[in-house]
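Below is one structure, written out as structure tokens; comments come after it.
Counting convention: from 1, in listed order, for ligands and their atoms alike.
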Amino acid sequence: MPDRFLFRGIRVVDPAADHDAVVDVMVEDELVAQVGPGLASGTASVIDGAGLVMAPGLVDLHAHLREPGFEHKETVETGSRAAAAGGYTAVCAMPNTDPVADNVAVVAEVIALGDKAGLCDVHPAGAITRGLGGEALTDVAEMAEAGVRLFTDDHRSVQSSRVMRLALEYAKTFDVVISQHAQDDALTEGWQMHEGRHSALLGLTGYPAEGEEIVVARDIALVRLTGGRLHVTHVSAGQSVELIRRAMQARIPMTADVTPHHLTFTDADLATYDTNLKMNPPVRSEEHRDALRSALAEGLIDAVATDHAPHAPEEKEQEFDQAPPGTTGLETALAAVLTELVEPGSIDLSTAIRRMSVTPAHILRLEEHGGPLSPGRPANLVVFDPAAEWTVGERPFQSMARNSAFTGRRLRGRVLYTMLRGTFTVWDGEPTR
Ligand SMILES: [Zn+2]
């Protein structure tokens with residue numbers, strides 16, 4: 001392929017540059033070369049951008065790529081391919097692998113696997129505690145030195161206030177962020193779904209919203225005490241949003257993300273006992289979901305993260321109480337946000353791109369990602385057709401896993417091209433490698 005591409009007459013939504021206009025974009029080698037009307041094509045290959053949107057490549061703060069150790073669910077390569085297909089150019093890989101990414105050797109292994117796949121930038125998160133055991137802190141300094149920007153025990157929640165305090169103190173010293181999966185273990189023991197009218201009707205053990213609220217409240221208090229940077233991942237409860245609102249008013253440094261599935265589904269959808277809708281934290285009532293939508297619009301929740309959680313078919317095909325929680329998300333996130341939030345007018349397209357690209361890139365300090373798409377900047381971008389409708393599951397997934405909560409759902413918005421430093425990772429809707 002030639003190394004010059006001209007996107008002709010394409011709507012560029014570039015919140016980092018406060019830019020939203022139909023222009024021509026020339027990409028040359030690894031960089032955005034020119035942006036403006038009526039560019040001469042010269043020797044470049046021309047791509048007709050009529051009706052299409054270009055945005056900075058999406059950045060995911062929370063994806064489980066499962067390697068090393070769980071290659072029957074996903075590998076860094078297949079997860080990267082799913083990410084590219086979904087319009088992502090960078091993902092933060094969760095550390096609950098086997099071995100756990102609680103040391104530099106595992107972190108380096110995941111980085112090398114990501115580089116080898118070459119489909120998106122893979123930035124491993126480090127564990128907060130050794131073996132995700134919740135007690136002994138990992139060597140945050142050493143992993144930060146190796147480039148790790150985010151630490152989390154995700155799928156576990158740090159229960160000890162003493163350990164969480166220490167983690168936030170380290171975060172402050174080494175200028176990294178602590179991402180908390182907020183869950184009070186004792187209060188949520190044996191949980192199957194959100195605690196409410198529907199859990200009573202279905203006879204499933206409930207996980208009250210307070211199980212999240214208690215930990216978010218404690219963590220905000222610990223941020224006040226330490227000054228360390230906190231990120232609350234996959235916020236699911238309205239009460240958590242209110243705590244974040246008060247923290248922001250008090251200028252306490254923290255950020256938060258929400259998943260497309262928590263923005264879409266409610267506990268009423270569990271009436272079919274569909275294990276693809278079993279998540280941790282669980283999808284909650286309509287009231288909670290609507291609070292999350294408003295919080296995303298208001299900016300109380302900063303980012304959309306997928307919590308891409310692939311599982312093997314035989315794992316999800318068990319009885320509801322036996323099936324592991326989680327849904328895949330990388331290939332449906334953009335379309336879900338466009339369909340569930342942008343189309344009904346909850347947020348505009350520029351805000352959607354800000355929450356899915358600009359802000360997560362900023363939280364992870366990925367200067368090459370999140371735009372602006374201006375001349376001289378790395379060509380990390382996505383091109384999608386906002387009007388294209390598709391049904392989830394009608395085309396094969398790029399992920400190894402099939403456990404999408406959105407299976408069978410009609411969504412609008414399809415990724416056609418993804419570019420990583422000027423190289424197409426997706427061309428005409430298909431991964432290039
Ligand atoms: Zn997770």
- Do the charged groups of R156 and D185 touch, with an N to O distance under 4.0 Å? no

- request: Taking only Lys NZ, Arg NE, NH1 and NH2, and the carboxylate oxygens of Asp or Glu, determine whether R293 and E340 approach each other closer than 4.0 Å.
  value: yes

Near the Zn ion (ligand 1), meaning under 2.8 Å, the protein N/O/S atoms are H62 NE2, H64 NE2, D154 OD2, D307 OD1

Those residues at least two apart in sequence (or on a different chain) that pass side chain to side chain contact (heavy atoms under 4.5 Å, CB included) with S236 are E212, H262, P281, R284

Residue set satisfying side chain to side chain contact (heavy atoms under 4.5 Å, CB included) with E242, at least two apart, ordered chain then number -> R245

Between H62 and T233, a side-chain donor and acceptor under 3.5 Å: yes

Quick note, side chain to side chain donor-acceptor pair (under 3.5 Å) partners involving residues 79-89, not counting sequence neighbours, are E77-R81, T89-H369

